[in-house]
Protein chains: 2
Amino acid sequence: MNELITYFNQFNHLSENAINAISEISKPVNIKKNQNLQSIGHTCRTIYFIKKGVARIYYYKEDIEITECFAFENAIIARVESLFTGKPSRKAIQMIEDSELIAISSVKLFDLYDTFPEIERLFRKIFESAYVDTVNRVESIQFHSAEERYNALLKESPNVLQRVPLKYIASYLGITQVSLSRIRGIR
Amino acid sequence: MNELITYFNQFNHLSENAINAISEISKPVNIKKNQNLQSIGHTCRTIYFIKKGVARIYYYKEDIEITECFAFENAIIARVESLFTGKPSRKAIQMIEDSELIAISSVKLFDLYDTFPEIERLFRKIFESAYVDTVNRVESIQFHSAEERYNALLKESPNVLQRVPLKYIASYLGITQVSLSRIRGIR
DNA sequence: AGTAAAATTTAACATAAGATAAATAATCAG
DNA sequence: CTGATTATTTATCTTATGTTAAATTTTACT
């Protein structure tokens, strides 16, 4: 749990009681490379913290697979459009490497919000931050060329190339594998 | 304040005390057509509720003006990437019609969170919902053609064409005015 | 190690959208 | 109401990215 507590402290400091309460609704999960952590069609009821490994959220548009985002160590991952609406998700979460995660039951977590306003505050801040990232992503996708986006991704996550197949990166950037290969070929 | 309370109740019911506390930090604002409500370079410290009118958030990419989003009646608008980070915003908010708004001081609002967990919860839910909208917007921009996005916008906000100049709609869709005109010309 | 499968690149051609400029239509100020 | 300004459309040409297919490289499995 240490990594998780360090992660939490970036957003909001928790009392020992609050930490214990979260510990009780969390459990370790290990997943092999390429396995799905959560599958399409199920409602998201778990928030994951990545201790080790790389995750991606993906979905299908007319049988073409599209990667929505990646997440690396010391980050949280969840399909928020399902988590916050209670509707089944059209998306899946897959681990790209052998991974170690901490699974936090979102149902139990949301119950804790009543007893621990500090926990509600913590997750409010975590998701506010994720919201800001998503607003910035809109800007990035909408108004930068594919090449600019590729370079921005490399700058932001320099090791993404070593850890993530290019086919996933291509759809994350909103282009085809062929286009990405062409962009990479230029230099 | 009635419209605002109705809006709040969609997310979280508030006690009378909480409503009064929010009333005290809110004030009406009237803005003429085409005036900026908030300008580029300032840190966002106000959350607006639109009673009447249409707003857009816009910014510049290399002296080309880009519309990030629109907001209509009975919605909240704020430059969240500044609101949640405390950094100056590169974006402005402009009212596209003569408008009536309620301005809520975000600094005072965030102070209220300590006294009224129900207010913190309310805004947590409001911004979670906005976050989900933004996640869906990423999907819309990234994996639908300009024409699909135009049709989706019309379906979602059928009166947008009557109220918003096409040049704003074009950059919102991530295309040029010329392209939009071409798409519209097809039918 | 050797083979099959998967990932990536390359090539050739097609298409959607960008850029620029000019024409037309709509709006606004006096 | 009229001229000036702004918004929108149309036209032409250019370019980035898509599509399909094949070639090559890498990875995974026995």
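Chain letters run A, B, ... following the sequence lines, proteins first and then strands; every chain starts at 1. In what follows, every heavy atom counts, from backbone to side chain, and hydrogens, waters and symmetry copies are set aside.
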Can you measure [X] atom [atom1] to [N] atom [atom2] for me and round it to whole angstrom units?
X	N	atom1	atom2	answer
A:Arg149	D:dA16	CZ	C1'	11 Å
B:Asn34	D:dT6	CG	P	11 Å
A:Lys33	D:dA28	NZ	P	5 Å
A:Arg184	D:dT24	CZ	P	19 Å
B:Leu166	C:dA26	CG	P	12 Å
A:Gln177	D:dA22	CD	C1'	15 Å
B:Ile183	D:dT8	CD1	P	15 Å
B:Ile64	C:dA17	CD1	P	17 Å

Nucleotide of [options] approaching [X] most closely (side-chain heavy atoms):
X	options	value
B:Thr176	C:dT8, C:dA17, C:dG18	C:dG18
A:Arg182	C:dA17, D:dT19, D:dT9	D:dT19
A:Ser145	D:dT17, C:dT9, D:dT9	D:dT17
A:Ser181	D:dA28, D:dG18, C:dT8	C:dT8
B:Lys167	C:dG18, C:dA17, D:dT6	D:dT6
B:Pro165	C:dT20, D:dT8, C:dT10	D:dT8

TODO: Report yes or no: does B:Thr6 contribute a side-chain atom to a donor-acceptor pair with the main-chain N or O of B:Asn2 at less than 3.5 Å?
DONE: yes
Task: Backbone of A:Tyr59 reached by a side-chain donor or acceptor of A:Glu65 within 3.5 Å - done: no
Task: Aromatic plane relationship, A:Phe8 with A:Phe123 - under 30° parallel, 30 to 60° tilted, over 60° perpendicular - done: perpendicular
Task: Axial cation check for B:Phe11 ring with B:Lys125, 6.0 Å and 45° limits - done: no
Task: Side-chain ion pair, B:Arg163 and B:Glu73, N-O less than 4.0 Å - done: yes
